[in-house]
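All ligand and atom numbering here is 1-based and tracks the order in the structure.
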Amino acid sequence: MAYREIYAKWQADPEAFWLDAAGSIDWTTHPQTALNATRAPLYEWFTDATVNTCWNAVDRHVLAGRGKQPAIIHDSPVTGTKHVITYAELLDRVSRLAGALKARGVAKGDRVIIYMPMVPEALEAMLACGRIGAIHSVVFGGFAAAELAVRIDDCKPKAIIAASCGIEPNRVVHYKPLLDGAIDQATHKPDFCVILQREQEVAKLIEGRDLAWHSFQYGVEPAPCEPVAGNHPAYILYTSGTTGAPKGVVRPTAGHLVALAWTMRAIYDCGPGDVFWAASDVGWVVGHSYICYAPLIAGCTTIVYEGKPVGTPDAGAFWRVIEEHKVRAFFTAPTALRAIKRDDPEGTLVKDYDLSRLNALYLAGERADPDTVNWASRHLNVPVVDHWWQTETGYAIAANPLGIERLPVKVGSPSVAMPGFDVQVLDEGGHPVPAGQLGAIAIKLPLPPGTLPTLWNAEDRFVKSYLTHFPGYYETGDAGYVDEDGYLYIMARTDDVINVAGHRLSTGAMEEVLANHPHVAECAVIGVSDTLKGQSPLGFLCLNKGCTVPSDQIIRECVQLMRDKIGPVADFKRAVVIDRLPKTRSGKILRGTMVKIADGAAFKMPATIDDPAILDEIRTALQSLGLAKPA
Ligand code: COA
Ligand code: AMP
């Protein structure tokens with residue numbers, strides 16, 4: 001069947017469509033009903049089923065005779081090592097780790113935080129949690145102690161699994177002091193921590209609390225898979241919202257399994273034995289879905305790459321991995337390709353490698369700009385599939401489903417809505433707008449299986465953030481349009497979220513950090529256009545009256561504060577000191593106008609601006625940073 005027929009089949013009977021897709025999963029109790037709408041507009045899927053994620057990702061492949069097939073390939077140019085783990089070995093490692101967690105009292109429903117770099121043990125920890133029904137929450141390694149502390153207090157983990165260190169090309173990231181600092185700052189204390197000691201740094205363990213990864217597992221009974229209810233949370237993943245408090249996106253177990261299995265065939269055209277590589281990080285949703293779960297659920301080999309697109313050692317690193325491990329489907333963020341294109345504009349290094357096994361390149365995380373897409377198509381000679389999704393959905397809302405049909409590519413568009421998603425572009429009043437007209441992108445409820453049913457411990461926030469503005473719809477927070485052929489164009493966020501190198505960050509959270517500087521009276525953070533990273537954060541600081549500390553020093557301290565409080569991943573390196581912030585007469589900061597000035601774009605003087613002269617002051621301040629040049 002072609003895409004349009006499959007989409008129509010889903011529209012005609014969504015429940016039958018997903019019950020049919022459920023056939024690819026091994027169930028303990030097979031679902032009888034698909035959708036549970038008893039609490040609409042809060043929906044759940046497959047609530048009457050019981051199932052285990054780890055069984056579907058690991059055990060069943062060994063049982064099917066794939067035990068000798070590589071499950072995980074760890075390719076780590078930053079440490080100069082490579083390591084293959086077969087499905088049989090993975091089963092052994094995960095069931096022992098699960099057994100050790102269980103022996104220490106971790107039970108079904110308990111939370112476990114995982115704070116680890118790109119090592120296979122991070123995936124093993126995720127799978128071990130799933131094996132015993134524990135709910136994991138992976139925290140990205142680029143976050144600072146304070147961010148980790150917020151997550152500890154929100155999800156109250158019984159245990160934390162961490163590594164001694166991570167390796168960035170320019171430094172060793174000392175995880176252990178960050179972990180200790182976070183536990184000190186948090187009100188909730190975990191019962192114990194498990195530390196993976198890496199060769200590059202052996203961390204000092206705290207007696208009575210910390211256990212070493214290997215000795216912790218010594219002599220324990222391996223744990224069997226524990227079936228959980230279909231709506232049992234598989235994990236919580238925190239993501240940025242408008243305020244400083246991150247949102248804990250809940251991922252329901254059964255829907256997650258069904259939907260990810262469906263995407264592996266329909267979108268990525270991959271099956272058992274194929275090699276799948278998502279060059280992301282386990283700390284992000286792409287890492288959860290497509291480094292860990294989906295490829296393993298589908299019986300593929302997944303690559304855990306501990307390196308960068310450039311500099312480890314050069315802009316040919318991705319092509320080397322694709323050749324060496326015979327990658328069929330490759331997934332990365334446009335920013336990584338821009339970094340490669342900057343170092344190797346003619347694609348000379350691509351020619352050094354045999355990419356004949358590569359079937360397609362998939363891009364997501366931020367808008368794929370036409371230059372980058374064209375560069376990749378020209379040099380790689382495979383379809384370049386831009387697809388649009390969010391932490392909240394866990395998989396693509398819109399894509400070009402190569403496993404179903406190769407639709408014509410329209411550069412600048414992530415193509416068409418996937419079955420499960422009735423995507424609409426709405427005006428402020430919630431009415432659909434005609435094709436070609438810009439509006440807020442919303443998805444008609446219910447969302448499909450695997451998407452978030454709620455936020456952890458914050459159902460009210462879930463309803464307020466996503467379901468209230470447009471009743472009957474899920475508000476994506478993205479703005480864009482649909483063309484006459486049903487192709488979507490995702491143009492911008494409608495909230496204060498910015499996208500830096502494919503990382504979703506909250507300007508609200510950054511403003512909270514700056515406001516804590518003792519000399520800062522008022523502040524604003526905006527995302528300015530950046531040719532490499534898409535957007536880059538920029539701070540505006542208004543200092544307390546009579547402050548005599550030099551502005552340069554305050555900016556330096558703010559940059560450091562941001563690294564300490566949010567982490568290097570915020571990539572906050574620039575700020576300017578100004579007298580006043582531009583505001584409307586009702587006091588709303590005109591961030592949109594500030595972005596336009598910084599980008600040198602044309603803008604209309606806001607009718608409600610309090611004092612138009614302030615905009616000239618801002619332009620002058622930004623010009624000192626090389627910004628605000630006419631486009
Ligand atoms: N742990 C600790 N620190 C980390 C980190 C991690 N896992 N990942 C990044 N950082 C740090 C970096 O070391 C850097 O610190 P610095 O300011 O001290 O140099 C900072 O966070 C910003 O890092 P990064 O965003 O990687 O920028 P960069 O300038 O070092 O590299 C790119 C630029 C384009 C190569 C890089 O951003 C990249 O690979 N992007 C792809 C992102 C991606 O795949 N996203 C997936 C989302 S789907
Ligand atoms: P995250 O939750 O971190 O995955 O970020 C999700 C956000 O990234 C989306 O809401 C979009 O703003 C942006 N995004 C992701 N993929 C795309 C894409 N293919 N095109 C445009 N924007 C995207």
Side-chain angles (χ1 to χ4, degrees), residues 78 115-118 122 139-144 163 165-175 178 237-241 247 249 278-291 305-312 315 317-318 331-343 362-369 373 385-399 412-415 441 452 475-480 488-495 497-505 530 532-536 559 562-563 566-573:
V78 292
Y115 187 52
M116 296 179 101
M118 286 294 289
V139 178
F140 177 62
F143 280 124
C165 68
I167 318 288
E168 282 294 290
N170 54 354
R171 70 200 141 92
V172 171
V173 183
H174 310 287
Y175 275 56
L178 293 170
L237 178 58
Y238 289 89
T239 190
S240 301
K247 296 171 176 169
V249 167
S280 177
D281 188 286
V282 282
W284 306 116
V285 68
V286 174
H288 280 62
S289 294
Y290 293 105
I291 296 174
Y305 176 69
E306 195 180 19
K308 298 277 173 180
V310 292
T312 59
F318 278 4
F331 184 157
T332 189
T335 191
L337 288 187
R338 287 195 294 271
I340 293 172
K341 178 159 77 102
R342 190 178 60 177
D343 281 14
Y362 294 84
L363 299 176
E366 55 173 327
R367 181 162 186 272
D369 54 289
V373 174
V385 176
D386 175 17
H387 57 336
W388 167 57
W389 49 302
Q390 313 186 307
T391 304
E392 287 85 344
T393 62
Y395 57 97
I397 307 164
S413 164
S415 301
I441 307 183
L452 82 170
E475 185 183 4
T476 65
D478 284 317
L488 275 160
Y489 292 78
I490 314 298
M491 305 309 289
R493 290 287 302 190
T494 56
D495 53 15
V497 166
I498 60 171
N499 199 314
V500 182
H503 306 145
R504 175 167 157 183
L505 299 166
D530 185 276
L532 176 65
K533 298 192 176 187
Q535 285 182 301
S536 164
V559 168
M562 205 70 89
R563 285 181 81 86
I566 295 187
V569 69
D571 213 26
F572 182 89
K573 293 193 169 124

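Under the 4.0 Å criterion applied to side-chain N and carboxylate O atoms, Asp369 and Arg338 are assigned as salt-bridge partners. Between Lys308 and Glu168, at least one side-chain nitrogen of the basic residue sits less than 4.0 Å from a carboxylate oxygen of the acidic one, meeting the salt-bridge criterion. We find that Glu392 and Arg504 are joined by a salt bridge, their nearest charged nitrogen and carboxylate oxygen being less than 4.0 Å apart.
Protein heavy atom closest to atom 6 (C) of ligand 2, with residue, atom name and distance, is Trp389 O, 3.5 Å. The nearest protein atom to atom 48 (S) of ligand 1, hydrogens excluded, is given as Val286 CG2, 3.4 Å; this is a heavy-atom distance. In this structure, atom 41 (C) of ligand 1 lies nearest to the protein heavy atom Thr335 CG2, 3.6 Å. What sits closest to atom 10 (N) of ligand 1 on the protein, heavy atoms only, is Glu168 OE1, 3.4 Å. With respect to atom 46 (C) of ligand 1, the closest heavy atom belonging to the protein is Ser280 OG, 3.5 Å. Nearest non-hydrogen protein atom to atom 18 (C) of ligand 2 is Glu366 O, 3.3 Å. Of the protein's non-hydrogen atoms, the one nearest atom 47 (C) of ligand 1 is Gly502 O, 3.5 Å. The protein heavy-atom contact nearest to atom 1 (P) of ligand 2 is Thr391 OG1, 3.4 Å.
At a heavy-atom cutoff of 4.0 Å, ligand 2 is contacted by no atom of His503, backbone or side chain.
Looking at Tyr290 and Tyr395, their side chains come closer than 4.5 Å, going by heavy atoms from C-beta outward. Counting heavy atoms from C-beta on, the side chains of Pro414 and Tyr489 never come closer than 4.5 Å. Counting heavy atoms from C-beta on, the side chains of Val286 and Trp389 come closer than 4.5 Å.
Looking at Ala278, Gly142, Ala144, Ala501 and measuring to atom 2 (C) of ligand 1, the nearest heavy atom belongs to Gly142. Among Arg563, Arg171, His503, the residue whose heavy atom sits closest to atom 25 (O) of ligand 1 is His503. Of the options Ala279, Pro334, Pro117, the smallest heavy-atom separation from atom 44 (O) of ligand 1 is shown by Ala279. With distances taken over non-hydrogen atoms, the option nearest atom 11 (C) of ligand 2 out of Asp478, Asp369, Leu363 is Asp478. In this structure, of Pro309, Pro169, Ala336, the residue bringing a heavy atom nearest to atom 39 (O) of ligand 1 is Pro309. With atom 28 (P) of ligand 1 as the reference point, the heavy atom nearest to it among Lys573, Lys533, Lys308 is part of Lys533.
Side chain of Thr391 to main chain of Thr239: no donor-acceptor pair is present (N/O by atom type, distance under 3.5 Å, no hydrogens or angles). Looking at His503, its side chain never comes within 3.5 Å of a backbone N or O of Asn499 through a donor-acceptor pair. Between the side chain of Glu366 and the main chain of Thr335, a donor-acceptor pair closer than 3.5 Å is present.
Residue Asn170 places a heavy atom less than 4.0 Å from ligand 1. Within the structure, ligand 1 lacks Thr332 among the residues with a heavy atom less than 4.0 angstrom away. Heavy-atom separations between Gly365 and ligand 2 include at least one value shorter than 4.0 Å. Heavy-atom distances between Phe140 and ligand 1 reach below 4.0 Å in at least one pair.
Here the closest non-hydrogen pair linking Pro117 and Ala163 is CD-CB, 3.5 Å. In terms of heavy atoms, Ala279 sits closest to Thr332 at O-OG1, 4.0 Å. Between Leu363 and Ala368, the closest heavy-atom pair is CD1-CB, 4.1 Å. Pairing each heavy atom of Ser280 with each of Gly287, the nearest pair is OG-N, 4.0 Å. Across Leu488 and Ala398, no two heavy atoms sit closer than the pair CD1-CB, 3.6 Å. Here the closest heavy-atom approach between residue Val569 and residue Leu505 is recorded as O-CD1, 3.8 Å.
For ligand 1 and Pro568, the ligand atoms under 4.0 Å from any heavy atom of the residue are 3 (N), 11 (C), 15 (O), 20 (C), 21 (O), 22 (C). The ligand atoms of ligand 2 that sit less than 4.0 angstrom from a heavy atom of Ile490 are 21 (C), 22 (N). Taking every non-hydrogen atom of Asn499 and a distance limit under 4.0 Å, the qualifying atoms of ligand 2 come out as 8 (O), 13 (C). Listed by number with element, the atoms of ligand 2 under 4.0 angstrom from any heavy atom of His387 are 16 (N), 18 (C), 19 (N). The atoms of ligand 2 that sit less than 4.0 Å from any heavy atom of Arg493 are 9 (C), 10 (O), 12 (O). With ligand atoms numbered from 1 in the order given, ligand 1 contributes 21 (O) to contacts under 4.0 Å with heavy atoms of Val569.
Below 3.5 Å of separation, one finds an N or O of Arg504 facing an N or O of ligand 2. In terms of polar-atom proximity, Val285 is not counted as a contact of ligand 2, lacking any N or O under 3.5 Å from an N or O of the ligand.
For atom 30 (O) of ligand 1, the protein comes within 4.0 Å by no heavy atom at all.
With Asp478 as the partner, the side-chain contact (heavy atoms from CB on, under 4.5 Å) test is satisfied by one option alone out of Arg367, Arg493, Met491: Arg493.
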